[in-house]
There are 2 protein chains.
Amino acid sequence: MPAQQEKILACACELYLEAGLPGFSMRKLAKNVGVTAPALYRHYDGKNKVLADVVRAAYQAYQGYVYRALRAATPIERFFQAGEGYLDFALEHPRWYKIMFSSPERLGMQELPKDIEAMGWGVHQFWIDRVRECMQVGILKEADPLRTSLTMWAHAHGMVQLYHQGLFPMDQEEFRSLFEESGARMMSGFATDSFRTQLEELNLLGQTAPQA
Amino acid sequence: MPAQQEKILACACELYLEAGLPGFSMRKLAKNVGVTAPALYRHYDGKNKVLADVVRAAYQAYQGYVYRALRAATPIERFFQAGEGYLDFALEHPRWYKIMFSSPERLGMQELPKDIEAMGWGVHQFWIDRVRECMQVGILKEADPLRTSLTMWAHAHGMVQLYHQGLFPMDQEEFRSLFEESGARMMSGFATDSFRTQLEELNLLGQTAPQA
DNA sequence: GACACTGTGTTTACGGTGTTTACATGCCAG
DNA sequence: CTGGCATGTAAACACCGTAAACACAGTGTC
């Protein structure tokens, strides 16, 4: 990747992270780079292509938060550390999280580039692997890891989306514990009996919480 | 609500539904209404206010799909019919679904109007009620209905979002059965033993599905 | 050295956007 | 009839993405 293109991309990421998608324009980007807008077109074939590279950078940032969990020793540690990394990423970089899971329409494209689509599937594949190894060591009940991890991912993604939209009137710390508790509640259906007992001992299932 | 404002809103909904958020402009809206753009400002204080009313209309459409479930006789029927209505709405009107759960930033606002926020909480409250009455008749285990329904809602919302983003390479029918199966899997953790047996008999839990 | 080519920038321009201002028109109450 | 009000218009401003034409510096070749 040529140096000037890299510089443009770096400025583009910075601009997107501080101004969001509606505040992202080629003219502002050009000013940040130190050139005029049409010059950007020497290096990028339009705004969409710049944004596509910002999405790729978002996936890279995501991977930095989640893949470090692979250094843990056991499947269950890898699973929980990855979950923590997922939540950290979603809370510390909401704009990066949002652009990763933006529909093509929102980015002004008809279809996502194939390699970005593949990155989305990669996120899923990672969780399939975590779930599979948890099944192998008897923490989760034997089942289809693909479908089980999909259920878990959808839950986590939905929680984050609803929080980002402002539907939970609470601060980050409260949401964090809500997220963990909700995840544990959901997982109690997939967990083996012995692991479910562990979850209950962590007081994460909230079986005796007050009525709303 | 004055007649002309109503006409503008109707055209705005139509325009949004067929062109999406990026294709929605005050000038196009004005042309559809049969007027020039500045005339819209006599009735609406800017694009944001129009969009806010489109969001309100989206919530109304949502309610039409989900509230009819309240006519069913038993809590369990109300729960499942509401779930079906939720999915129908999400699949038949993806743009309405998307704008309901768009972050304020995407709509060009800093904060959502209070009444729209309240509509979001209303969606949650509806599910709290469904879950509570299922607990009362012994279909779901006794627990905090607020938190239990939140877990369920987040799961449903996450599934829909990931599907809308194109992360599931499948058609609507396949997704529909995936959604139901995933919901049943998640609910198996909240269900009483007798109800879980029912779910298993419906072959919804996919315990013996193939590996990925 | 002269030349052409290539890479990279610029200026200018076109059509689109949200929105404001100033002006016109029609209608209705006093 | 007339003033005021509701409602439209045209013109303008400041942005936006992007295309076309032009400028210039570096490089390789004859």
Side-chain angles (χ1 to χ4, degrees), chain A residues 1-55 95 99 102-113, chain B residues 1-56 95 99 102-113 116:
Chain A
M1 190 167 185
Q4 182 70 339
Q5 193 175 357
E6 233 167 89
K7 184 179 173 187
I8 292 173
L9 176 55
C11 290
C13 289
E14 197 182 345
L15 177 60
Y16 165 72
L17 287 177
E18 75 184 22
L21 215 44
F24 184 92
S25 81
M26 293 298 270
R27 286 178 148 94
K28 281 186 205 165
L29 173 56
K31 185 166 288 183
N32 286 9
V33 175
V35 297
T36 56
L40 301 176
Y41 288 75
R42 298 286 177 195
H43 308 275
Y44 271 105
D45 187 17
K47 187 185 180 185
N48 287 347
K49 299 297 171 63
V50 181
L51 281 179
D53 266 4
V54 172
V55 175
R95 290 223 165 98
I99 207 175
S102 290
S103 63
E105 179 178 297
R106 186 176 171 190
L107 301 174
M109 315 171 185
Q110 283 179 315
E111 279 195 344
L112 283 177
Chain B
M1 192 168 186
Q4 183 70 341
Q5 193 175 356
E6 232 167 90
K7 184 179 174 187
I8 292 172
L9 176 55
C11 289
C13 290
E14 196 182 347
L15 177 60
Y16 166 72
L17 286 177
E18 74 185 22
L21 215 44
F24 183 93
S25 83
M26 293 298 270
R27 286 179 152 93
K28 282 185 203 162
L29 173 56
K31 184 165 289 180
N32 286 10
V33 175
V35 96
T36 58
L40 301 176
Y41 288 76
R42 300 284 178 195
H43 308 275
Y44 270 106
D45 187 17
K47 186 184 180 185
N48 287 347
K49 300 296 171 64
V50 181
L51 281 179
D53 267 4
V54 173
V55 175
R56 292 183 183 97
R95 290 223 165 99
I99 206 174
S102 291
S103 63
E105 179 178 298
R106 184 176 173 190
L107 301 174
M109 315 171 186
Q110 282 178 318
E111 278 194 343
L112 283 177
I116 292 182

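Residue numbering restarts at 1 for every chain, and letters A, B, ... go by the order of the sequence lines.
Rounded to whole angstrom, the span from the CE atom of B/Met26 across to the P atom of D/dT9 amounts to 13 Å. Atom CG of A/Leu21 and atom P of D/dG17 are 11 Å apart (whole Å). Counting to the nearest Å, the C1' atom of D/dG8 and the CD atom of B/Gln5 are 16 Å from each other. The distance between atom CG of B/Leu40 and atom P of C/dT19, rounded to the nearest whole Å, is 10 Å. In this structure, B/Lys31 places its NZ atom 17 Å from P of D/dG8, rounding to the nearest Å. For the pair A/Asn48 CG and D/dC16 P, the computed distance is 16 Å after rounding to whole Å. The nearest whole Å value for the distance from the CG atom in A/Leu29 to the C1' atom in D/dC15 is 16 Å. Atom-to-atom, CD1 of A/Ile8 to C1' of D/dG17 comes out at 15 Å; the value is rounded to the nearest Å.
Phosphate proximity of D/dG8 to B/Gln4: present, with a side-chain N or O under 4.0 Å from OP1 or OP2. Taking 4.0 angstrom as the limit, A/Thr36 places none of its side-chain polar atoms (N or O) nearer than this to OP1 or OP2 of C/dG9. A/His43 has a side-chain polar atom (N or O) that falls below the 4.0 Å cut-off from OP1 or OP2 of C/dG9.
The line from CG of B/Leu9 to CE of B/Met1 is 4.5 Å long, rounded to the nearest 0.5 Å. A/Leu112 contributes atom CG, which lies 11.5 Å from atom CD of A/Glu105 (distance to the nearest 0.5 angstrom). Atoms CD and NZ, on B/Gln5 and B/Lys49 in that order, are 11.0 Å from each other to the nearest 0.5 Å. Atoms CD and CD1, from B/Glu111 and B/Ile116 in turn, are 12.0 Å apart once rounded to the nearest 0.5 Å.
Checked against C/dT8, D/dT9, D/dG17, the side chain of A/Lys47 finds its nearest nucleotide in D/dG17. Residue B/Ala37 places its side chain closer to C/dT19 than to any other of D/dG17, C/dT19, C/dG9.
Between the side chain of B/Lys47 and the backbone N or O of B/Met26, no donor-acceptor pair lies under 3.5 Å. With B/Arg27 contributing its side chain and B/Ala37 its backbone, the two residues share no donor-acceptor pair below 3.5 Å. Looking only at distances, no side-chain donor or acceptor of A/Tyr16 sits under 3.5 Å from a matching main-chain atom of A/Leu51.
Nucleic acid contact class of B/Ser25 (heavy atoms, under 4.0 Å, all strands): sugar-phosphate only. In this structure, A/Tyr44 reaches neither bases nor backbone, as no heavy-atom distance under 4.0 Å exists between it and the strands shown.
Legend: salt bridge (charged side-chain N to carboxylate O under 4.0 Å, His left out) pairs involving residues 31-44 of chain B, not counting sequence neighbours: none detected.
With the nearest nucleotide of DNA chain C identified for both A/Gly34 and B/Phe24, A/Gly34 has the one nearer the 5' end.
Taking five base pairs at each end of the helix from C/dG1-D/dC30 to C/dG30-D/dC1 and finding the rotation axis that steps the C1' atoms of four pairs onto the next four gives two axes whose angle is 20°, to the nearest 10°.
Each of B/Val50, B/Ile99, B/Leu17 was checked for a side-chain contact (heavy atoms from CB on, under 4.5 Å) with B/Phe24, and the lone residue meeting it is B/Val50.
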Polar atom pairs between nucleotides 19-26 of chain D and protein, under 3.5 Å, N or O only, would you list them?
none

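Below the 3.5 angstrom threshold, one finds no donor paired with an acceptor across the side chain of B/Arg27 and the base of C/dG16.
B/Asn48 and B/Leu107 make their closest contact through OD1-O, 3.3 Å (heavy atoms, listed as atom of the first residue, atom of the second, distance).
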